[in-house]
There are 2 protein chains.
Amino acid sequence: MPPNQRRKQKHTTTNRVSLAMVAAHANVSTATASRIINGITNKASEQTIIQVKKAVEELGYRPASIGRALRCQESRMVGVLAASLANPTMSAIASSIEWALRDEGYIMSLCDTHEEADIQDEYLREMQSQLARAVVIIGAVQSELLNDYRHNGTTLLFVNRPAPDQKNSHYVGINNYQAGVDVANTLLQNGKRHIGIIHASLEFTAAAERRRGLLDRLSEEGIHPNDVPHAHSEGLNHLEVGYKSMETFLEMPNRPDVIVCLSDMLAYGAYRLTQEMGLDPVEDFTFFGFDDNPLNPWVAGWLNSVGVPASAYGPATVATLKAIWNQSPPTEPVYLPHQFRLNKAFFLLSLKK
Amino acid sequence: MPPNQRRKQKHTTTNRVSLAMVAAHANVSTATASRIINGITNKASEQTIIQVKKAVEELGYRPASIGRALRCQESRMVGVLAASLANPTMSAIASSIEWALRDEGYIMSLCDTHEEADIQDEYLREMQSQLARAVVIIGAVQSELLNDYRHNGTTLLFVNRPAPDQKNSHYVGINNYQAGVDVANTLLQNGKRHIGIIHASLEFTAAAERRRGLLDRLSEEGIHPNDVPHAHSEGLNHLEVGYKSMETFLEMPNRPDVIVCLSDMLAYGAYRLTQEMGLDPVEDFTFFGFDDNPLNPWVAGWLNSVGVPASAYGPATVATLKAIWNQSPPTEPVYLPHQFRLNKAFFLLSLKK
DNA sequence: AATCTTTAGGTAATCGATTAACCAAACAAA
DNA sequence: TTTGTTTGGTTAATCGATTACCTAAAGATT
């Protein structure tokens, strides 16, 4: 290793500008400098204020948030834990939340828990340890720490997927049960009664609620849950589950012509198989999904889906966080209005009715 | 406001456990506790070590990374700035990097710059101010601060899209020029010579290089750049640009039958229009994209694409970061081997040759 | 003139963890 | 016995910013 590189390594020439340097440059104490920088001007003369501001400018000073966070025991950072960034719905929600947070002067720190409880716990701890102002979980999984954190002062907000036990927690997102009911209504109104369900794990409240709403409504119309075939498999990602599940349906003697997938990703998987088998996803089936993936209008025109526009999440999430901080937390889940996106064939069909 | 809520607000019962509390609980000094917790055992007796570990366990202590970061002037956090999380390619890369970083004990903090220079600058500053160990930029845009940061000690790594000026910077990702050449080769080998290009801004090195490689190779085979029609529009997202651009091509008297889109998102946009016009994206055209979006095999079987598997990014990125930290930075861009994904029709065609 | 008030700003403690420097006791070597 | 040396710790400084509390000087009031 050349010696000039060694030198650099020995002491990273920390060219960070600290408050002390600004204060020295302006010939005032750090207290004065700090006050002026934070806009507390009633303790300084016009002259001093100008000096300090000049020093800040000249040195290119920016407060180290880490120092402030340590002292104030609170940072401007909001941790966002997403279950799977590979799922465009979740990344789009995260992106929307980022916009809204930055608008209010907060910084988003996004992490990917890969749907694993211990990774989620690790990040929960890390956020705590970084003194995050709040933790937003897009797609929570049941984990050991989750319940502890619910009560230890950290602001915790569940987005898109309710808390595993739904108790003492704040939620922003779709009304999963109602969405299930609405899908059932749409199908029934258009004379679709031969329905199959594809689902992954039902441990997640979101999926379970969607299914419950759907089946409840179908029951009311005389379609017994036992007459609604289910296909699923666990341990794979939703795309693969959808694919495998569709295989199951295609092998059935009297296969359903409506395939309700409890998430769009499942529908994507099912679609792949229909393509490979030379079937038509619009003529031969009616596919329904949940979440309305933002890519749907572009690459999945065949899919019907119900969901909340991703851009609605950011404002609602931030508004809810602020309400919690203001000691006026919502007492009810914050349900965002969901919308249907229907494919052309189904749309025309529904017009005729 | 009820009084019990007021009380809570007055002083957030900071139930964080600090090192001092652990030390007190174990009847040792913070120095001793700190050393034991960090595994420096040559300064402590067996007895003391057990005491401290018991205290840590009983109190559920976890070091506040903020304190450590302040003291050591360095955190375990790596900032990842993505240009657009709504783009599944970028989120998938981020997700992969997250895995690899966590494997090495680092924490990813992901931000969305929305392709905007000043947001990128804001996050660059914030990362600096949080003492991030490194900053990884997935899709950098030219910005004021970018050049400063290249030289002020912060480890900076460009992923998937080279630095705007390509000088003095580290890059991990696809060899854009070569990928362009390879696409040209594949087309030529299969007798495809009537080619159109859809692109968004060519200010980004990635897009410009792809185009250059493509046109250079076509030139060699006697297809002059002027004979390769281009369609583009600025200011919209890639999906919309693709859609608009495809309109342009469809209106042309002698429209190309091969549409090379400089990103998959552009291809998605173009695809939407072909669907709406009742055209067949496989029979009527040959679509080529770049990046091989991970969703392609599931919902875009019609697309041919060249790209690097998202999962390859994480390991390569982390390895490069470690090399930089070890004072043995790569002197060349780190090119990850790219692969082709061909649609069925094109694959069969290429077999025949 | 004596006292009070305001202005302008400094001193030092604090947040949590790390670590250089120091120290007392035990033990070993000369 | 005196002089190292090792063991097992402690004390206190430090990182960067904030802020409660103090103070000196100037101006206002009685």
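Proteins come first, then strands; the chains are lettered A, B, ... in the order of their sequence lines, and each starts at number 1. Note that the structure is predicted; figures quoted are calculated from it, not measured.
Following rounding to the nearest Å, A:R35 (CZ) and D:dG16 (P) show an atom-to-atom distance of 20 Å. Note: CD (A:Q128) to P (C:dG16) measures 12 Å, nearest angstrom. Remark: P of C:dG10 and CG of A:L19 are 12 Å apart, rounded to the nearest angstrom. For the pair A:Q73 CD and D:dA17 P, the interatomic distance rounds to 16 Å; values are reported in whole Å. Rounded to an integer number of Å, the gap from A:R16 CZ to D:dA17 C1' is 11 Å. Here D:dT18 presents its C1' atom at 13 Å from CD of A:E74, a figure rounded to the nearest Å. As a whole-Å value, the separation of A:I36 CD1 from C:dG9 P is 7 Å. Atom NZ of A:K43 is separated from atom P of D:dA24 by 15 Å (rounded to the nearest Å).
Of the candidates D:dT18, D:dG16, C:dG9, the closest approach to any side-chain atom of A:N38 belongs to D:dT18. Considering only side-chain atoms of B:L70, the nucleotide from D:dA12, D:dG16, D:dC22 that sits closest is D:dG16. Comparing D:dT19, D:dC22, C:dA20 by their closest approach to the side chain of A:A31 singles out D:dT19. Nearest nucleotide to the side chain of B:R68, out of C:dT18, D:dG9, D:dG16: C:dT18.
Between the side chain of A:R71 and the base of C:dT14, a donor-acceptor pair under 3.5 Å is found.
For the pair B:G67 and B:E46, both in contact range of DNA chain D, the more 5′-proximal nearest nucleotide belongs to B:E46.
By the 4.0 Å N-to-carboxylate-O rule, B:K53 lies too far from B:E57 to be salt-bridged with it. Taking 4.0 Å as the cut-off between side-chain N and carboxylate O, A:E126 and B:R62 count as a salt-bridged pair.
In this structure, the separation between CD on B:Q128 and OG on A:S65 is 10.5 Å, given to the nearest 0.5 Å. Rounding to the nearest 0.5 angstrom, the gap separating the CD1 atom in B:I66 from the CG atom in B:L70 is 8.0 Å. Between the OH atom in B:Y313 and the CD1 atom in B:I138 there is a gap of 9.0 Å [rounded to 0.5 Å].
Proximity of B:V17 to B:V22: side-chain heavy atoms (C-beta onward) are separated by under 4.5 Å at one or more points. Using a 4.5 Å heavy-atom threshold, the side chains of B:S34 and B:N38 count as touching.
With hydrogens and angles left out, the side-chain atoms of B:T317 and B:T320 include no donor and acceptor closer than 3.5 Å. Side-chain contact annotation: A:S84 with A:E115, donor-acceptor N/O pair under 3.5 Å absent.
Note on B:S45: only backbone sugar-phosphate atoms sit closer than 4.0 angstrom, heavy atoms only; bases stay farther off. The residue A:S29 sits close to a base: some heavy atom pair falls under 4.0 Å. Residue-level contact check: B:S18 touches the backbone only, with heavy atoms under 4.0 Å from sugar-phosphate atoms and none from bases. Among the atoms of the strands shown, only primed sugar atoms or phosphate atoms (P, OP1, OP2) are found under 4.0 Å from some heavy atom of A:T48. Across all strands shown, B:T32 has heavy atoms under 4.0 Å from base atoms, whether or not it also approaches the sugar-phosphate.
Proximity of residues 51-63 of chain A to DNA chain C (heavy atom under 4.0 angstrom from any strand atom) is not detected for any residue.
One end of the helix from C:dA1-D:dT30 to C:dA30-D:dT1 points its axis 70° away from the other end's axis, with each axis taken from 5 pairs and the angle rounded to 10°.
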Step-by-step side chain to side chain contact (heavy atoms under 4.5 Å, CB included) determination, A:H25 to A:L59:
CA-CA 9 Å; A:H25 195 256; A:L59 299 176; 3.9 Å; yes
